[in-house]
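Each chain gets a letter, A, B and so on, in the order its sequence line appears, and its residues count up from 1.
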Amino acid sequence: MPELPEIETVKLQLEKELKGFICKECEIVKARSVHGNAGLVNGKKVIGVRRKAKVLILDFEKGISAAFHFKMTGQLILITGNKKRRVVGGHPTADFTGELPSKHTRAIFHFDRGTMYFNDQRLFGWVKFGTTEEINNMDFLKKLGPEPSELTEKEFMEKIIKYKKPIKLVLMDQEILSGMGNIYANDALWEAGIDPKRPANSLTAKQLKALYRAVILVLTEGIKYGGATAADAKYINLHGMGGHYQEHFRVYSRVGEPCSNRCGEKIKRITLGGRGTFLCPKCQQ
DNA sequence: TGCCCCCTGCAG
DNA sequence: CTGCAGGGGGCA
C-alpha cells in the first residue's frame, strides 16, 4: 500500500482537482468497506484535502469529513466530466484501465463535475464518514505517532533508542513513527547501512543520525517521484500512473540483484515481523 | 514481542 | 499447488 509518499501524491492531486466539487451522492457498493454515515456528504462541497500519515481526509463544507485508509490495495480513481481519468492512488490493478465501476469498487462518489471510485481489491481498506470533529478525534488518528519530518534529529534519536525490538519494526510501528511502510523502511535502512534486525537500542549515535537523514531522504524522494507505483516495471506504462520511485528502489523487491553503487553483493530477502525484508548482507551491519 | 488473521489475486 | 503482496488488529 501506499505509504506516506503515495498518499501525499494523491493528496496533492486531489487538492487541485476536487476542491469545489459538490458530492451529489455517495453510493455504498460494499458495506464492510464503509464506516459511518455516507449520506453526510450528500449535497456538500469539498473544501479541503488533508493527509495524516497514511490516511487521506476529504473535508466537506458544514463540518463534514471522510477519511480513507487504503491499506494494501486501496485506490481512488477520479473521472472528470470529459471522461479523462485523472487522479489515481494505490494498488496497480487492472482497474486503472478497465471498466468502472469494477468488481473492486467499494464506494462511488457522484460529484457534480465527475465521479470518484474507491476501489479495494483485498477489502482491508476503509472510508469513514463523520463530522470533522469526529474524524479528527477517531482512535486510529489519535494513536498515530509523529511523522519523521515533524521531529528534529535529536527528538528522533531519543525516541528510537528507547525500543529494543528490531529497528525495522520500530520504523514501521505507526504509534512510534507514522507514515513509513515496508518499501521506505527497507530502503532507509540500506541508505543508512543498518541491518534491519538490529535492536533499536543497540544503534550508535552515528547510526541514528544516519538513519534520521536516510528516513527523511527516502520519504522526500518518494514524494518527489510521485510515489512508487509497483515493484514490477510492467505497470509503469499504465495510463494515469505517475509514480516513479520504483525506479529508484535501493533494496526493496530487488532480491538477487547486486547492491548497486556500493558493494555489489547480492541483495537478500528475509522475513521480519512477517514482512518481506530486503537487505545487503555486506554493507548493512 | 511474536504469531495469526483479515482478503483477493497473481507469479512461479 | 505454494508463496507472496506498499497494512494493521487481536491474541497469548
Side-chain angles (χ1 to χ4, degrees), chain A residues 1-10 30-33 35 51-56 67-76 88-96 98 102-106 119-128 138-145 162-189 196-201 218-219 221-223 225-235 238 241 243-256 269-278:
Chain A
M1 137 264 128
E3 304 177 37
L4 186 156
E6 287 74 29
I7 307 300
E8 177 67 13
T9 301
V10 177
K30 186 80 174 178
R32 67 171 284 179
S33 302
H35 304 167
R51 179 190 61 73
K52 173 74 181 169
K54 303 175 190 175
V55 179
L56 180 78
F68 297 84
H69 200 308
F70 295 147
K71 294 291 183 82
M72 300 287 262
T73 56
Q75 60 179 199
L76 288 176
V88 297
H91 198 69
T93 66
D95 296 345
F96 282 111
S102 77
K103 64 175 169 180
H104 304 125
T105 298
R106 311 307 182 195
N119 295 341
D120 182 27
Q121 178 188 103
R122 291 171 73 180
L123 292 168
F124 293 165
W126 43 259
V127 52
K128 183 180 174 67
M138 67 193 279
D139 275 358
F140 187 89
L141 289 181
K142 293 192 86 167
K143 285 197 294 190
L144 290 174
K162 287 192 290 195
Y163 301 90
K164 68 174 185 188
K165 62 180 174 182
I167 182 60
K168 178 165 179 258
L169 302 189
V170 172
L171 293 181
M172 291 178 66
D173 185 330
Q174 303 298 300
E175 296 182 21
I176 299 174
L177 272 184
S178 66
M180 297 210 102
N182 206 23
I183 291 179
Y184 296 96
N186 272 298
D187 274 11
L189 286 164
K197 297 187 298 300
R198 280 281 297 280
N201 63 6
V218 297
L219 290 176
E221 221 176 87
I223 293 169
Y225 291 117
T229 295
D232 193 319
K234 78 179 187 179
Y235 294 112
L238 283 188
M241 309 195 57
H244 290 279
Y245 180 75
Q246 68 278 4
E247 296 158 25
H248 305 268
F249 283 160
R250 276 96 171 148
V251 285
Y252 180 76
S253 88
R254 298 187 50 209
V255 56
R269 180 189 184 280
I270 61 171
T271 298
L272 193 56
R275 310 295 301 276
T277 298
F278 304 87

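The aromatic rings of Phe140(A) and Trp126(A) lie perpendicular to each other, with more than 60° between the two planes, well past the 30° mark.
With P as the reference atom, dG9(B) and dG8(C) are 22 Å apart, rounded to whole Å. Rounded to whole Å, the C1' atom of dC6(B) lies 22 Å from the corresponding atom of dC1(C).
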Phe124(A) and Thr73(A): side-chain contact (heavy atoms from CB on, under 4.5 Å), yes or no, with the steps?
-> CA-CA 8 Å; Phe124(A) 293 165; Thr73(A) 56; 5.9 Å; no
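For the atom pair NE2 (His104(A)) and OG (Ser33(A)), the distance works out to 11.5 Å, reported to the nearest 0.5 Å. The CG atom of Leu4(A) sits 8.5 Å away from atom NZ of Lys54(A), with the distance rounded to the nearest 0.5 Å. Expressed to the nearest 0.5 Å, how far CE of Met172(A) lies from NZ of Lys165(A) amounts to 10.5 Å. Within the model, atoms CZ of Arg32(A) and CZ of Arg106(A) stand 9.0 Å from one another, a figure rounded to the nearest 0.5 Å. With rounding to the nearest 0.5 angstrom, the CE atom of Met138(A) is 13.0 Å from the NZ atom of Lys52(A). In this structure, Met180(A) CE and Leu189(A) CG are separated by 8.0 Å, a value rounded to the nearest 0.5 Å.
Computed from coordinates, the Glu3(A) CD to dA5(C) C1' distance equals 12 Å when rounded to whole Å. The distance from atom CD1 of Ile270(A) to atom C1' of dC4(C) is 16 Å, rounded to the nearest whole Å.
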Nucleotides 8-12 of chain C: which of its N/O atoms have a protein N/O under 3.5 Å away?
residue: dG8(C); atom: OP1; partner: His69(A); partner atom: NE2; Å: 2.9
residue: dG8(C); atom: OP2; partner: Lys54(A); partner atom: NZ; Å: 3.0

Grab the N/O contacts between the protein and nucleotides 4-8 of chain B below 3.5 Å, and write none if there aren't any.
residue: dC7(B); atom: OP1; partner: Arg32(A); partner atom: NH1; Å: 2.8
residue: dC7(B); atom: O2; partner: Arg122(A); partner atom: NE; Å: 2.8
residue: dC7(B); atom: N3; partner: Arg122(A); partner atom: NH2; Å: 3.2
residue: dT8(B); atom: O2; partner: Gln121(A); partner atom: OE1; Å: 3.4

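In DNA chain B, runs of at least 3 stacked Watson-Crick or G-U pairs (N1-N3 plus N6-O4 or O6-N4, or N1-O2 plus O6-N3, all under 3.5 Å) give these stems: B:1-6 with C:7-12, B:8-12 with C:1-5.
Using a cutoff of 4.0 Å between basic side-chain nitrogens and carboxylate oxygens, Asp120(A) and Lys30(A) are not scored as salt-bridged.
Contact check for Ile7(A) versus Val55(A): no side-chain heavy atoms found under the 4.5 Å cut-off.
Across dG2(B), dT1(B), dA5(C), the shortest atom-to-atom separation from the side chain of Leu169(A) is found for dG2(B).
Side-chain atoms of Tyr245(A) and Asp187(A) form a donor-acceptor pair, as typed in the model, at a separation below 3.5 Å.
At a threshold of 4.0 angstrom between heavy atoms, the contacts of Gly274(A) with the nucleic acid are absent.
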